[in-house]
Student: 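What follows is a structure written as structure tokens; I'll ask about it next.
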Amino acid sequence: MKKFIRCLPKVELHVHIEGTLEPELMFKLAKRNHITLPFNSFAEVREAYNFNNLQSFLDIYYQGANVLIHEQDFFDLTWAYLQRCQADNVLHTELFFDPQTHTQRGIAFATVVNGIDRALKKGVTELGISSKLILCFLRHLDETAAFATLAQAQTEKDKIFAIGLDSSELGHPPEKFTGVFTEAIKQGFLTVAHAGEEGPASNISDALDLLQISRIDHGVRCTDDPALLAKLVTQRIPLTVCPLSNIKLKVFAQMADHNIVVLLRKGLCVTINSDDPAYFGGYMSDNFLAVSEAHPMSKAELTQFTFNAIEASFIADDEKMRLNRLTQQYLEHN
Ligand code: ADE
Ligand code: ZN
């Protein structure tokens with residue numbers, strides 16, 4: 001099963017590029033940019049990655065991002081992630097970036113986007129990996145700051161496909177961002193949002209109703225609301241679930257308690273994703289492996305996660321058909 005999982009064609013829909021910053025690259029960039037880190041070794045970094053909840057992770061994650069200064073740093077970060085994609089047979093990825101984490105420190109919006117975009121373009125030509133970039137607003141900041149970020153995105157619109165919402169969910173419900181999401185939709189962006197990760201199922205319903213989102217990031221708390229669950233099934237509203245993240249951040253005590261396979265078998269459009277792989281112990285294949293070890297599944301069920309991700313992606317229909325055919329062939333011959 002391990003080989004089947006490693007080679008299975010995959011589509012990733014929930015990864016924060018800042019969350020792919022491995023300690024090795026963090027140290028390299030700190031040295032290059034003359035930044036002092038609060039860690040003396042890789043072992044010390046990894047020791048610090050013991051989280052109690054989402055907030056305890058976010059504090060360290062935003063600190064790590066301080067080493068990213070120049071366009072080349074954002075390029076190197078993204079290129080390293082794409083190489084992980086290649087190793088895991090990820091054919092398409094839709095990745096988040098948090099511009100406010102960088103603009104708040106005085107880094108220009110264009111520096112961030114151009115570095116990421118240059119690596120994504122090289123990913124297409126040299127690795128055959130397609131991608132779409134999603135700009136996330138930080139929900140612990142106010143809506144005025146989100147509007148200012150949307151304004152900064154205007155000159156880089158050709159590089160950004162959709163708008164998302166991340167950071168601390170508790171105390172920052174979807175309704176806080178209704179105005180800016182309405183404006184983003186008017187400008188032609190698709191929308192997604194983190195909801196029902198640590199926060200209640202009502203955040204999922206509100207994100208669907210108020211922010212007009214095309215899919216829900218995390219959404220595992222949907223099981224608390226039977227009517228919502230039924231709606232997700234009948235309308236095939238996708239969830240981008242991040243299993244290793246949910247264990248590291250104690251959304252579930254252990255993988256055996258995770259509801260992803262129950263949701264799959266209920267007919268939800270659930271997908272497997274890595275979220276912040278450098279912090280949570282693994283990339284796409286590691287997430288598939290961890291789920292399948294705790295919840296034995298058939299090859300057809302494992303492959304359904306890829307079919308769901310293709311369906312939930314923002315890829316054009318003809319390309320979706322190509323990926324579906326390729327995935328079906330993989331299942332039939334392995
Ligand atoms: N930013 C990076 N990872 C996140 C997560 N799992 N939830 C909310 N915001 C995030
Ligand atoms: Zn996330």
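Note that ligands are numbered from 1 as they come in the structure, with each ligand's atoms numbered from 1 the same way.
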Student: To the closest 0.5 Å, what do you measure between CD (Q254) and CD1 (I247)?
Tutor: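 Rounded to the nearest 0.5 Å, the CD-CD1 separation comes to 8.0 Å.
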Student: Among all protein heavy atoms, pick the one closest to atom 6 (N) of ligand 1 and tell me residue, atom and distance.
Tutor: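 Looking only at protein heavy atoms, the one closest to atom 6 (N) of ligand 1 is D275 OD2, 2.7 Å.
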Student: Would you find a donor on one side and an acceptor on the other, under 3.5 Å apart, between the side chain of D225 and the backbone of A227?
Tutor: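 Confirmed, D225 side chain pairs with A227 backbone.
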Student: Considering only heavy atoms of F57, which atoms of ligand 1 have at least one such atom less than 4.0 Å away?
Tutor: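 So the atoms of ligand 1 that pass are 2 (C), 3 (N).
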Student: Looking at L58, which atoms of ligand 1 are within less than 4.0 Å of one of its heavy atoms?
Tutor: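 It comes down to these atoms of ligand 1: 1 (N), 10 (C).
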Student: Determine whether the aromatic ring centres of H102 and F109 lie less than 6.0 Å apart.
Tutor: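 No, too far apart.
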Student: Examine distances only and state if a side-chain atom of N259 and a backbone atom of V220 form a donor-acceptor pair shorter than 3.5 Å.
Tutor: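 Yes; at least one donor-acceptor contact below 3.5 Å.
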Student: Got the closest protein heavy atom to atom 7 (N) of ligand 1, with its distance?
Tutor: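 For this ligand atom, the closest protein heavy atom is E197 OE1, 2.8 Å.
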Student: Using the side chain to side chain donor-acceptor pair (under 3.5 Å) rule, pick out the option among H16, E12, R84 that qualifies with S274.
Tutor: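 Between S274 and the candidates, side chain to side chain donor-acceptor pair (under 3.5 Å) is satisfied uniquely by E12.
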Student: In Å and rounded to the nearest 0.5 Å, what is the CD1 to CG distance from I260 to N246?
Tutor: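 Nearest 0.5 Å value for the CD1-CG distance: 8.5 Å.
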Student: Does the shortest distance from the Zn ion (ligand 2) to an N/O/S atom of H194 fall below 2.8 Å?
Tutor: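 Under 2.8 Å: H194 contacts the Zn ion (ligand 2) through an N, O or S atom.
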Student: If you consider just the N/O/S atoms, which atom of D275 is the closest one to the Zn ion (ligand 2)?
Tutor: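 Checking each N, O and S atom of D275, the shortest distance to the Zn ion (ligand 2) belongs to OD1.
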Student: Determine whether a donor-acceptor pair (N or O, by modelled atom type, separation under 3.5 Å) exists between the side chain of E169 and the backbone of E198.
Tutor: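 Checking the backbone N and O of E198 against the side chain of E169, a donor-acceptor pair under 3.5 Å is found.
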Student: Ring-plane angle category for Y62 and H140, please: parallel below 30°, perpendicular beyond 60°, tilted otherwise.
Tutor: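 Rings of Y62 and H140: tilted, as their planes differ by 30° to 60°.
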Student: For atom 3 (N) of ligand 1, what is the closest protein heavy atom, and at what distance to 0.1 Å?
Tutor: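 Protein heavy atom with the smallest distance to atom 3 (N) of ligand 1: D276 OD2, 2.6 Å.
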Student: So is E169 close enough to ligand 1, meaning a heavy atom under 4.0 angstrom away?
Tutor: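 The answer is no, since E169 has no heavy atom less than 4.0 Å from ligand 1.
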Student: For D166, counting its heavy atoms only, list the atoms of ligand 1 lying under 4.0 Å from any of them.
Tutor: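 Here the atoms of ligand 1 in question are 1 (N), 9 (N).
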Student: Less than 4.0 Å is my threshold; does some heavy atom of D217 fall inside it relative to ligand 1?
Tutor: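 It does not, in that no heavy atom of D217 comes within the 4.0 Å cut-off of ligand 1.
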Student: Looking only at heavy atoms of F96, does any of them come nearer than 4.0 Å to an atom of ligand 1?
Tutor: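 Under 4.0 Å: no for F96.
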Student: Identify the protein heavy atom lying closest to atom 1 (N) of ligand 1, giving its residue, its atom name and the separation to 0.1 Å.
Tutor: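 Result: H16 CE1, 3.5 Å.
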Student: So does D286 pair up with R6, basic N to acidic O under 4.0 Å?
Tutor: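 Counted as a salt bridge, because a side-chain N and a carboxylate O are separated by less than 4.0 Å.
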Student: Report, in ascending order of atom number, the atoms of ligand 1 lying under 4.0 Å from any heavy atom of H218.
Tutor: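 Within the 4.0 Å cut-off of H218, ligand 1 contributes 6 (N).
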Student: Salt bridge or not between K31 and E24? Use side-chain N to carboxylate O under 4.0 Å.
Tutor: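 Result for this pair is no, no salt bridge flagged.
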Student: What protein heavy atom sits nearest atom 9 (N) of ligand 1, and how far away is it?
Tutor: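 The answer is S167 N, 2.8 Å.
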Student: Using 2.8 Å as a strict upper limit, say whether an N, O or S atom of H218 approaches the Zn ion (ligand 2) that closely.
Tutor: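 Not a single backbone or side-chain N, O or S atom of H218 is under 2.8 Å from the Zn ion (ligand 2).
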